[in-house]
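For reference, the structure is listed below as structure tokens.
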Amino acid sequence: MKALRPFGTTIFTEMTALAKAHKAINLSQGFPDFDGPEEIKKRAAEAIMNGPNQYIPSMGIDALRQAVSRKMKRFYGLDVNPQDEVTVTAGATEGVCATFWGLVEPGDEVILLDPAYDAYGPVAALTGAKVRHVSLKGHEFGLPRKELAEAFGPKTKAIVINTPQNPCCKVFSREDLSFIGILCKKHDAYVISDEVYEHIVYDGRKHETLLSIAHLRHRALVISSTAKTFSMTGWKVGYVIAAPELSRAVRMSHQFITFCGQSALQKAMAFAIDFPDSYYEALLADYTRRRDWLCDALKDIGFRVFTPEGTYYVLADIRPLGFADDLTFCRMLPREAGVAAIPCSSFWKDRRQGRELVRFCFCKRDETLQAAVTRLKRWLG
Ligand SMILES: Cc1ncc(COP(=O)(O)O)c(C=O)c1O
């Protein structure tokens, strides 16, 4: 299809295939090499055995929408009506599709902040919208307020925010998000906010959901997922939270994409979301430990490392090691070192940007990370 031609195959597919071909340790695509808690699996297995196993309501089972509503109160103090403000989707990925296709018309403009997670561009292109790319600034990935204000105009339908941000691992501050709220109000625009890493935020920072920002309670469509929080990326249980009129738009398209998700997995995730605080604290403590270990190890090898504020990725500058081009480096890495990573220029519209950066993920067992570092040391050392 013409609209999709510029995007080719996703970089995640390419790098995971290279990792497989060379039996490399895959620190490219962001999936854990361990599963989430056994109790969640048991719940899903019981739900399958006990049934029913037929279509469920398109918007998702009541228990999961209730759990999402409780979660929004518990973590953010927000009242979300499970009946008309929560729509369960097949992962955040379908949440992004359903949101775009329910909201955005041909001829509208959508703003993306580069580097951007790779699904947004193609999904926006399929709506017929014009995409305006605004690059975050420098290696701090600061919000360029002037350029952003200039990118908004009469045709702007929405801006996509991803916080914590993949790939740059930034957690946007309340001040930055408030600035976006003001722009959206001024231009009568919406925010499509991807918050799948909401529980992986380091060093005492706080995740701010866009629904809690002034002017955005009725303008934000927040997309999240159980994939990262419960280490079950293959289950694809996500959801969109938005005011009733916006949820109606999401549900209109969702009914024709998947109609509904998987009942047993939704039941199990309804149970998981209500886990006590100790679960969420342990998840964060665990990722903090892995983050610190991998950052130190990569520094030790000679990369320049940017300590992540959130997510389970880390960006590393390859120039101190004598390399200049991320794509060449990442295509060589599985074969030469036996490790796979993601070249970051693929997250920019203008691929001349980010060529000095590669992304490693650390949602892996300690022994996997240790083996990857040993291999990198052997090759680069
Ligand atoms: C920013 C972001 N959004 C969405 C997704 C996909 O989430 P899901 O597996 O729930 O579709 C990912 C997965 O890596 C991601 O990094």
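Ligands are counted one by one from 1 in listed order, and the atoms in each one are counted from 1 as well.
When hydrogens are left out, the protein atom nearest atom 7 (O) of ligand 1 is Ala92 CB, 3.6 Å; that is the closest non-hydrogen contact. Protein heavy atom in closest approach to atom 2 (C) of ligand 1: Asp194 OD2, 3.4 Å. Among all protein heavy atoms, the one lying closest to atom 10 (O) of ligand 1 is Ser225 OG, 2.6 Å. If you check which protein heavy atom lies closest to atom 6 (C) of ligand 1, you get Thr93 OG1, 3.4 Å.
Hydrophobic cluster membership differs between Trp348 and Val131, with clusters built from Ile, Leu, Val, Met, Phe, Trp and Tyr side chains linked at under 4.5 angstrom.
Side chain of Gln165 to main chain of Cys168: a donor-acceptor pair is present (N/O by atom type, distance under 3.5 Å, no hydrogens or angles). For Thr99 (side chain) and Val250 (main-chain N/O), no donor-acceptor pair under 3.5 Å exists by modelled atom type. Formation of a donor-acceptor pair under 3.5 Å by the Arg205 side chain with backbone atoms of Phe172 is not found in this model. The backbone N or O of Gly310 lies less than 3.5 Å from no partner atom in the side chain of Lys170, so there is not a single donor-acceptor pair.
Taking every non-hydrogen atom of Asn162 and a distance limit under 4.0 Å, the qualifying atoms of ligand 1 come out as 1 (C). Residue Gly91 has at least one heavy-atom neighbour below 4.0 Å for each of these atoms of ligand 1: 10 (O), 11 (O). Distances below 4.0 Å separate heavy atoms of Tyr313 from the following atoms of ligand 1: 14 (O).
Nearest-residue assignment for atom 8 (P) of ligand 1 (options Lys236, Gln165, Glu94, Lys228; heavy-atom criterion): Lys236. Distances from atom 5 (C) of ligand 1 to the heavy atoms of Tyr117, Tyr312, Phe12 put Tyr117 nearest.
Every N/O-N/O distance between Ala90 and ligand 1 stays at or above 3.5 Å. Not a single N or O atom of Tyr120, backbone or side chain, sits closer than 3.5 Å to an N or O atom of ligand 1.
Across all their heavy atoms, Leu216 and Leu177 have their closest contact at CD1-O, 4.5 Å.
Here the rule is ring pair (Phe, Tyr, Trp, His ring centres under 6.0 Å) with Phe360, and of Tyr313, Tyr312, Phe303 only Phe303 fits it.
Residue-ligand proximity: Phe31 is placed with every non-hydrogen atom at 4.0 Å or more from ligand 1. Distances shorter than 4.0 angstrom do not occur between any heavy atom of Trp235 and any atom of ligand 1.
Two rings, from Phe141 and Phe306, have their centers 6.0 Å or more apart.
Between Tyr287 and Tyr197, the side chains place no donor N or O within less than 3.5 Å of an acceptor N or O (distance only, hydrogens not considered).
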